[in-house]
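First up is the structure itself, then whatever we jot down about it.
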Amino acid sequence: MKMRIRELLEAGEAEHNCTVSGWVRSLRASKEVAFIVLNDGSNLSGIQVVAGRELDDFQAICRISTGTAVRVEGQLHRSPGTGQQWELMADAVRVIGSADDSYPLQKKRHSFEYLRSIAHLRPRTNTFGAVFRLRSKLALAIHRFFGERNFLYVHTPIITASDCEGAGELFRVTTLDAAAPPLMNGQPDFRQDFFGQRTGLTVSGQLEGEMFALAFSDIYTFGPTFRAENSNTARHASEFWMIEPEMAFADLADDADLAEEFIRYLCRVALEECTEEMVFFDKHVEQGLQERIRSVAEAGFARIDYTEAIDLLRRSNAQFSYPVEWGLDLQTEHERYLSEQIVGGPVFILNYPRDIKAFYMRQNEDGRTVAAMDLLVPKVGEIIGGSQREDRLDLLERRMAEMGIAREPLEWYLDSRRWGSCPHAGFGLGFERLVMYLSGMDNIRDVIPFPRTPRHAEF
RNA sequence: UCCCCAUUAGCUCAGUCGGUAGAGCAGGUGACUGUUAAUCACCUUGUCCGUGGUUCGAGUCCGCGAUGGGGAGCCA
């Protein structure tokens, strides 16, 4: 019977006849016996296959090279060796697909930069195997988290006409001939385009998500998001996945509560359901990772008002390259100082000056701040950005006018404040930043299967 | 987009004062009764990123370009 290696090891029945298929990671041969480390992606360590010289094709087995796909029939035995509990005593080893000596993955450590250039092969390595098993497990856990709390999962559109969401440059979606578009007063005439207007790939599902929250109370989206910004950093990608919950009859404090519960839940998932991977990351990627994640899972998050954060930064006597002053946005150096030095863990910054935030955020009573929040974590920086939304029609309209946002394409959005409006709040969490935070990987390109960044859309 | 750094064997890197290139790993062959990125012996491998310049002579110095990395901005 064919089994995945992980299932076989979990069953752990000695003398059990079985068949496994996978790829050879390493082969150690001596005169009498050969050891094959076989991995099928179902776990990190794979299984040790033992082939004795009594096998007919023992000499051929000893020449099997790294990367070869093989099928092994045999019996599970307790291993007399020290590195593993079980091993598979082979009755037959069959080569399914060979790999010659030009196979780029060697039995040694490669740099992440090199592995990025062979992104189609890197999932066969220990590190990337662990990253993508963790990523998959977290994605499923996110749906479980919201499902258990009766949040509705909504698929917001990928193609959108609203380019005024303020979240960033969008990729144009068009069927017009780029070399010779139909013109109107010298400009491309998008009325003749496929959708009869300018469209692009979504930069956020929030506005549509709000419409669903005002019908289903609690909803979330989880899907691809696109930003055409020329960002060249270890934490930005042109295509990434975002989770955006939205709750009706909720304020900023409820929003932060949800975000905190959510992050801590996912920390526990990583520790409890990806134990082997977390041990590996702790050993090879970031020393002390498990302890860091455990402390986040167990302790409450700090909450600091923006005004208070400015005060703390000014009183810290730390030297910054950018000024710290009420009304200015916090720079990366400030955010890092707050989460790494002052708090030493995740911290919410709440109630930012309204002039540095988006039009849809709820204006506070003080007349100068909005009910916005950012969750900052050590190492990654901003992992969540959210807010309570402006639910009062007149205030929202006034704010849009002040900021020069055309209301015509957003009449549908204003409708939600026109009839049955209510306080509501939500946030956006960058999925890849979460994976980085939980794995210790420090480049977003190494937690995305085939990353898209400026100048890169290979594979 | 801006600032800094890098690019040498399949991979990771060394290369002094400018004198035509080396190590480890991988790979190959052999040895080895149970190995853990096995070990031991021997062997193979180069458009020194590209391009122009300085020089008797450039991997090395200078200009330009490409690519990669780190940091910043924008943000999730």
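So you know, we letter chains A, B, ... as the sequences are listed, proteins then strands, and number each from 1.
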Subject >> Closest nucleotide among B:rC11, B:rG68, B:rG70 to the A:His456 side chain >> reply: B:rG68

Original post:
Is B:rU47 syn or is it anti, if syn means the base angle is within 90 degrees of 0?
Top reply: anti

**OP:** Have a look at A:Asn230 and say if it touches a base, only the backbone sugar-phosphate, or nothing, with a 4.0 Å heavy-atom cut-off.
**Re:** base

Original post:
What nucleic acid atoms does A:Ile384 come within less than 4.0 Å of, heavy atoms only: base, sugar-phosphate, or nothing?
Top reply: sugar-phosphate

**OP:** Could you measure between the two C1' atoms, the one in B:rG27 and the one in B:rC11, and give it in whole Å?
**Re:** 11 Å

**OP:** Report yes or no: do A:Glu276 and A:Ser45 form a side-chain donor-acceptor pair below 3.5 Å?
**Re:** yes

Original post:
Taking 4.0 angstrom as the limit, do A:Glu261 and A:Arg149 come out as a salt bridge?
Top reply: yes

Original post:
Under 4.0 Å between a side-chain N/O of A:Asn232 and OP1 or OP2 of B:rG73, yes or no?
Top reply: no

**OP:** Would you classify A:Gln331 as touching base, sugar-phosphate or nothing, given that sugar-phosphate means primed atoms plus P, OP1 and OP2, and contacts are heavy atoms under 4.0 Å?
**Re:** sugar-phosphate

Original post:
Within the pair A:Arg63 and B:rU29, is there a side-chain N or O less than 4.0 Å away from OP1 or OP2?
Top reply: no

**OP:** Report which part of the nucleic acid A:Tyr322 touches: base, sugar-phosphate, or nothing (heavy-atom distance under 4.0 Å, all strands).
**Re:** sugar-phosphate

Subject >> Span that lies between the P atom of B:rA9 and that of B:rA21, in whole angstrom >> reply: 14 Å

Original post:
In terms of side-chain heavy atoms of A:Lys108, which of B:rU35, B:rG10, B:rA76 is nearest?
Top reply: B:rG10

Original post:
For A:Trp326, is the NZ or CZ atom of A:Arg368 found under 6.0 angstrom from the centre of its six-membered ring and inside 45 degrees of the ring axis?
Top reply: yes

Original post:
Taking the same atom, C1', in B:rU47 and in B:rU7, what whole-Å distance lies between them?
Top reply: 14 Å

Original post:
If you check every side-chain atom of A:Arg235, which of B:rU35, B:rA72, B:rG27 has the closest atom?
Top reply: B:rA72

Original post:
Of the options A:Arg389, A:Arg399, A:Glu390, A:Gln206, which is the one that meets A:Tyr360 in a side chain to side chain donor-acceptor pair (under 3.5 Å)?
Top reply: A:Gln206

Original post:
Picking from B:rG34, B:rC75, B:rU12, which would you name as closest to the side chain of A:Ser30?
Top reply: B:rG34

Original post:
Touch check for A:Arg116, heavy atoms < 4.0 angstrom, all strands: base, sugar-phosphate only, or nothing?
Top reply: sugar-phosphate

**OP:** Establish, yes or no, whether the cationic atom of A:Arg133 lies under 6.0 Å from the six-membered ring centre of A:Phe128 and within 45° of the ring axis.
**Re:** no

**OP:** Determine the contact category for A:Gly428: base if any of its heavy atoms lies under 4.0 Å from a base atom, sugar-phosphate if only primed atoms, P, OP1 or OP2 are that close, otherwise nothing.
**Re:** sugar-phosphate

**OP:** Report yes if at least one side-chain N or O of A:Thr225 is closer than 4.0 Å to OP1 or OP2 of B:rA76; otherwise report no.
**Re:** no

**OP:** Output yes when A:Arg78 and A:Glu87 qualify as a salt bridge under the 4.0 Å nitrogen-oxygen rule, no when they do not.
**Re:** no

Original post:
Across all strands shown, which nucleotide pairs with B:rG63 by Watson-Crick or G-U wobble geometry, both distances under 3.5 Å?
Top reply: B:rU51

**OP:** Mind calculating the distance between CE (A:Met373) and P (B:rC75) to the nearest angstrom?
**Re:** 17 Å

Original post:
Reckon A:His236 touches a base, only the sugar-phosphate, or nothing at all at heavy-atom distances under 4.0 Å?
Top reply: base

**OP:** Between B:rG70, B:rA37, B:rU35, spot the one nearest the side chain of A:Arg109, thanks.
**Re:** B:rA37

Original post:
Would you say B:rG27 has OP1 or OP2 under 4.0 Å from some side-chain N or O of A:Gln106?
Top reply: no

Subject >> A:Phe35 side chain, from C-beta outward: closest of B:rG34, B:rA37, B:rU33 >> reply: B:rG34

Subject >> Interatomic distance at P, B:rC17 relative to B:rC61, whole Å >> reply: 10 Å

Original post:
Cut-off 3.5 Å, side chains only: do A:Glu244 and A:Ser204 have a donor facing an acceptor?
Top reply: yes

Original post:
Does A:Ser111 put a side-chain nitrogen or oxygen below 4.0 Å from OP1 or OP2 of B:rU12?
Top reply: yes

Original post:
What about A:Glu229, does its side chain sit under 3.5 Å from the base of B:rU1 through a donor-acceptor pair?
Top reply: no

**OP:** Go through the steps to decide whether A:Asp329 and A:Tyr352 satisfy the test side-chain hydrogen bond (donor to acceptor under 3.5 Å, both in side chains), and finish with yes or no.
**Re:** CA-CA 8 Å; A:Asp329 209 355; A:Tyr352 283 80; 5.7 Å; no

Original post:
Paired with B:rG18 by Watson-Crick or G-U wobble geometry, both distances under 3.5 Å: which nucleotide is it?
Top reply: none

**OP:** Tell me what A:Glu432 touches on the nucleic acid: a base, only sugar-phosphate, or nothing, going by heavy atoms under 4.0 Å.
**Re:** nothing

Original post:
So what does A:Thr82 touch, heavy atoms closer than 4.0 Å: a base, only the sugar-phosphate, or nothing?
Top reply: base

**OP:** Considering only atom C1', compute the distance from B:rU12 to B:rG69 and round it to an integer number of Å.
**Re:** 15 Å

Original post:
Under 3.5 Å, is there an N or O donor on one side and an acceptor on the other linking the side chain of A:Arg433 and the base of B:rC75?
Top reply: yes

**OP:** Rounded to whole angstrom, note down the C1' distance from B:rG22 over to B:rU16.
**Re:** 14 Å

**OP:** Under a 3.5 Å limit for both distances, which nucleotide forms a Watson-Crick or G-U wobble pair with B:rA72, could you say?
**Re:** B:rU1

Original post:
How far does the P atom of B:rG24 sit from the matching atom of B:rA41, given to the nearest Å?
Top reply: 11 Å

Original post:
From the list B:rG34, B:rC11, B:rC74, which nucleotide is the closest neighbour of the side chain of A:Pro80?
Top reply: B:rG34

Original post:
Taking the same atom, C1', in B:rU44 and in B:rC25, what whole-Å distance lies between them?
Top reply: 15 Å

Original post:
If you check every side-chain atom of A:Tyr114, which of B:rC74, B:rG10, B:rG34 has the closest atom?
Top reply: B:rG10

Subject >> Counterpart base for B:rG27, defined by Watson-Crick or G-U wobble contacts under 3.5 Å >> reply: B:rC43

Original post:
Rounded to the nearest Å, what distance is computed from the CZ atom of residue A:Arg124 to the P atom of nucleotide B:rC11?
Top reply: 18 Å

**OP:** Have a look at A:Ser117 and say if it touches a base, only the backbone sugar-phosphate, or nothing, with a 4.0 Å heavy-atom cut-off.
**Re:** nothing

Original post:
Within the stacking criterion (centroid distance below 5.5 Å, interplanar angle below 30°), does A:Phe431 stack on B:rA76?
Top reply: no

Original post:
Hey, is the side chain of A:Ser231 pairing donor to acceptor with the base of B:rC75 inside 3.5 Å?
Top reply: no

**OP:** To the nearest Å, give me how far apart CG (A:Leu27) and C1' (B:rG27) are.
**Re:** 14 Å

Original post:
Is any side-chain nitrogen or oxygen of A:Lys31 closer than 4.0 Å to OP1 or OP2 of B:rC32?
Top reply: yes

Original post:
Over how many whole Å does the gap from A:Glu382 atom CD to B:rA72 atom C1' extend?
Top reply: 16 Å

Original post:
Looking across every strand, which nucleic acid part, if any, lies under 4.0 Å from A:Glu87 by heavy atom: base, sugar-phosphate, or nothing?
Top reply: base

Original post:
Which sits closer to the 5' end of RNA chain B, A:Asp374 or A:Asp442, going by the nucleotide each is nearest to?
Top reply: A:Asp442

**OP:** Could you check whether A:Ala34 gets within reach of a base, just the sugar-phosphate, or nothing at all, counting any heavy atom under 4.0 Å?
**Re:** nothing

Original post:
Contact class for A:Arg455 (heavy atom, under 4.0 Å): base, sugar-phosphate, or nothing?
Top reply: sugar-phosphate

**OP:** Name the residue closer to the 5' end of RNA chain B, choosing between A:Leu330 and A:Glu458 according to the nucleotide with the nearest heavy atom.
**Re:** A:Glu458

Original post:
Can you check whether A:His155 and A:Tyr153 have ring centres sitting under 6.0 Å from each other?
Top reply: yes

Original post:
Between B:rG34, B:rG69, B:rG73, which nucleotide gets closest to the side-chain atoms of A:Thr332?
Top reply: B:rG73

Original post:
Taking the six-membered ring of A:Phe262, is NZ or CZ of A:Arg264 closer than 6.0 Å to its centre and within 45° of its axis?
Top reply: no

